[in-house]
Amino acid sequence: MNSFENSETEALSIEGSVENIVYRSGDNGYTVFELLLADAGAADSSRITCTAYLPEITEGEVLRLTGNFIMHPSYGRQFGASSALRSGPTTLPGMIKYLSSSIKGIGERTAMRITEKFGADIFNIIENHPDKLASVKGISLEKAIAISAQFSEQNSLRSVMMRLQEFGISPAFIQKIYKRYKEGSVEIIKKNPYLLADEIIGIGFKTADAIASRAGLDPASEFRVKAGIKYILREEAMNGHVYLEKNLLTSMASELMDISEEAAANGLMALQLERQVFQEPQDEHTAVYLNKYFYAESYTAKRLIELSQDAADISGKSFAADISSHEEQAGIELAPEQKTAVKEAMSSGVLVITGGPGTGKTTIINAIISLLKKRGLAIELAAPTGRAAKRMEEASGTEAKTIHRLIGMTGGEAGAAKPERDEENPVEADAVIIDESSMVDISLMYALLKAIPRGARLILAGDADQLPSVGPGNVLKDIINSGEIKVVKLTEIFRQSRESAIVMNAHRIKAGKRPVYNEDGRGFYILRRRTAEQVTEILAGLVRDRLPKYSGANPMTDIQVLTPMRKGGLGAGSLNSALQRALNPASPRKREKEYGGFVYREGDKVMQIKNNYSLAWEYTKPDGTRAEGSGIYNGDMGVITRIDDGAELLRVVFDGGRAVDYAYARLDELEPAYAITIHKSQGSEYRVVVIPLLGGPPLLMTRNLLYTAVTRAKELVVILGSEETLARMVDNNKEVNRFSALSYRLKRLRKLMGNG
């Protein structure tokens, strides 16, 4: 061990000149380079491989790095730098290397001539006296001026980046800030660092607040108060709220920033005057919205009422005969409430069809499609996720798309997505049918409704008792509760479904009754365990060996572990590590990449956790031809097939064979998926579902969470844990109320627009 190596946790400092740039990422400035130590000990340790987010370093310059030594699984010992102080080269060989590697138009020979002529004064000559530089053989005055301008720009960049480090900003964010603000970066941060939270992806209020503190900004600054309020509204939107009540918001802002509620109210007023938020008096409170959610909710209500009034009744005198013809062709007999649903679809501009498992939603949708096609109408089918769309397509025999694809959502960065379809360029359809509508949040519903042409009919199918959308709003339930949109509620469970223990137990859970389990051959079991250690121990063997042997299910593609929690002993994080050891253990033949506290391995099951509309994919068709496209969406699952440290790429092959290459900088879009949260499973269906249950906070461990988990299974449910927890969840019918006003708006608009 060298003298500069201390403990794992204590930060170290090393200094030296950059000898060689091994790799540099153009996306985020991540750089691998060799550093020749200024004060090396033994000869074999004078050159060290280092990694840092330093996009502009060049060979020859001197760096003082702070960080720690790490052991890379493929490349061995490296120094991972968290910060760097930079200076120009101080030796003639360093100057030659620096000039020839960093200045366009200067090769090694020219660099040698310049250094021989000007010596240590070389950088002063280049920057301030380009006319003298022109006296060097091979350099014209025009070229000397260009070299001087390039050198000055690099110096400006260096100066800005070094000054930004003084504010505690990480090198990765420095790169983004400089790209956005250039020479004005330091001034922006001194004046209003909270702009970063609005304009730089990845920097939130808390990071900006820490920067502001280092910059000496007044904690009572209006910039800070306004940024804190927007931060609260954004965070609560992630918890499902479209707005917050004003009194609650000012109280939360006061607590977050340690300011008076009066100061928070003043900041709120300033935001309203700047049209960044909207305050609206409602029945018993004042609602405060981020503007985009106010417009989305208002437009959604208006458009639903308009569509409900615009479409013509096309049921016609032949309806009974058409239904009979469809029944004969499909070999089925529709129940009275199913026929009612089909009739309403023909006569209503907007229709909601809701019901639990086994109540025939798919049968109704197929009948609606048949009758719409018989009338020569163009139909589009869609669902919120790729898996739900695939199931819809398989069940109907008609192409189904994700809603994102239907409306042409494009743009990769968060908040930058723009649909190609809108009022000016609507979807070319006479009827749009959306399945799994409980998953649709207010933003997606807004984008969808903008793309539906006047006179078209909209049919929303879904189970209102499922968990609400991950995003803000409670759209399906609000529409139903408003009483202003036609709704058909399906209650009859059909004979074939009554034979399924999963379907029957789902309805028992929904009704507040205990499920019936451990009956031979019925597909619903509980394995009793008392501790998290016992559950984890049996879980691995259950998924790897016992369940595949019992059901013939593939543990990677057919079996899914669903857990209520992300963290803790039975959270998704811990369970993924345990299941990875069982299903995809480490091997010299499998390459790995550590990211976010998890060591990803070739062969791992992973999930995309955010919509990325521009992420490119390709796949090979059965006939050998290649197809390309873009768009990977939240909830899409795949398997890691290749990890390439040299190219810093990780390849995932998703369902359907779509192959995507992820730059290491984009790995925050993936999570391991041997175990996922129940919330993440919405819209998906698996042959076998395993649910570890041993306890948790009452606000989380609710009846509809359990109901959602159980209804994800087609053939087999195994609950692993305690009957007491299961019973408490069945009894706990409390739902966290979401602040949303779609129902309120629908009622108010219907009154204003008439009941026609």
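Residue indices begin at 1 and follow the sequence shown.
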| task | Enter the distance from Gln272:CD to Ile229:CD1 here, rounded to the nearest 0.5 Å. | result | 11.5 Å
| task | Kindly compute the distance separating CD1 (Ile509) from CG (Leu706), expressed to the nearest 0.5 Å. | result | 4.0 Å
| query | Can you tell me how far the CG atom of Leu448 sits from the CE atom of Met445, to the nearest 0.5 Å? | reply | 6.0 Å
| query | When rounded to the nearest 0.5 angstrom, what is the spacing between CG in Asn611 and CE in Met409? | reply | 7.5 Å
| task | Determine the minimum heavy-atom distance between Thr711 and Ala506, stating which atoms define it. | result | CG2-CB, 3.7 Å
| If you count the non-hydrogen atoms of other residues, nucleotides and ligands that lie under 6.0 Å from CZ in Arg566, is the total more than 12? | no
Which donor-acceptor pairs under 3.5 Å do the side chains of residues 190-197 make with protein atoms, sequence neighbours left out?
unit_1 : atom_1 : unit_2 : atom_2 : d
Asn192 : OD1    : Tyr194 : N      : 3.1
Tyr194 : OH     : Asp209 : OD1    : 2.4

| message | Using only atom types and a distance under 3.5 Å, with no angle test, would you say the side chain of Ser681 pairs donor to acceptor with the backbone of Ser684? | response | no
| task | Verify side chain to side chain donor-acceptor pair (under 3.5 Å) between Tyr595 and Asp668, making sure each step is shown before the conclusion. | result | CA-CA 8 Å; Tyr595 186 87; Asp668 62 338; 4.8 Å; no
| query | Distance from Met565 atom CE to Ser574 atom OG, nearest 0.5 Å? | reply | 10.0 Å
| field | Check: Gln276/Lys226 side-chain N/O donor and acceptor closer than 3.5 Å | value | no
| task | Flag yes if more than 12 heavy atoms outside Glu262 fall under 6.0 Å of its CD atom; otherwise flag no. | result | no
| By ring-ring contact (aromatic ring centres under 6.0 Å, His included) - contacts of Tyr231 (at least two apart) | Phe205
| field | Residue Asp258 excluded, over 12 heavy atoms near CG under 6.0 Å | value | no
| field | Matching residue for Tyr707 among Asp463, Thr702, Asp465 - test: side chain to side chain donor-acceptor pair (under 3.5 Å) | value | Asp463
| query | Taking the side chain from Thr354 and the backbone from Gly462, do they hold a donor-acceptor pair closer than 3.5 Å? | reply | yes
| task | Assess whether atom CD of Glu255 is packed by more than 12 heavy atoms of other residues, nucleotides or ligands within 6.0 Å. | result | no
| remark: When Arg391, Arg387, Lys390 are each screened for salt bridge (charged side-chain N to carboxylate O under 4.0 Å, His left out) with Glu436, the one that passes is Arg391
| query | Has the side chain of Thr563 got a donor or acceptor atom that lies under 3.5 Å from a matching backbone atom of Thr677? | reply | no
| Between the side chain of Ser213 and the main-chain N/O of Ala210, is any donor-acceptor distance below 3.5 Å? | no
| message | Quick check against the 3.5 Å criterion: does Thr286 have a side-chain atom that pairs as donor or acceptor with the backbone of Lys246? | response | no
| Under the salt bridge (Lys or Arg N to Asp or Glu O under 4.0 Å) criterion, do Glu280 and Arg745 qualify, and how do the steps go? | CA-CA 12 Å; Glu280 180 188 51; Arg745 295 190 189 287; 2.7 Å; yes
| Ser254-Ser251 side chain donor-acceptor pair, cut-off 3.5 Å | no
| said: Test: side-chain hydrogen bond (donor to acceptor under 3.5 Å, both in side chains). Region: residues 441-451. Which pairs qualify, not counting sequence neighbours? | reply: Glu423-Lys450
| Can you tell me if Arg703 uses its side chain to pair, donor with acceptor, with the backbone of Val730 under 3.5 Å? | yes
| task | Identify, with sequence neighbours excluded, every residue that meets side chain to side chain contact (heavy atoms under 4.5 Å, CB included) alongside Asn291. | result | Arg275, Phe278, Tyr295
| For Val717, the option from Ile691, Val690, Leu562 that meets side chain to side chain contact (heavy atoms under 4.5 Å, CB included) | Ile691
| said: Can you confirm whether the side chains of Gln608 and Asn634 place a donor and an acceptor under 3.5 Å from each other? | reply: no
| task | Can you measure from CG (Asp478) to OG (Ser740) and round to the nearest 0.5 angstrom? | result | 3.5 Å
| request: Identify, with sequence neighbours excluded, every residue that meets salt bridge (charged side-chain N to carboxylate O under 4.0 Å, His left out) alongside Lys302. | output: Glu306
| request: With salt bridge (Lys or Arg N to Asp or Glu O under 4.0 Å) as the test, would you mind laying out the steps for Lys477 and Glu735 before giving the verdict? | output: CA-CA 12 Å; Lys477 193 166 283 188; Glu735 294 183 35; 3.3 Å; yes
| Tell me, which pairs form a ring pair (Phe, Tyr, Trp, His ring centres under 6.0 Å) where one or both residues lie in residues 235-271, sequence neighbours left out? | His241-Phe739, Tyr243-His285, Tyr243-Tyr289, Tyr243-Phe739
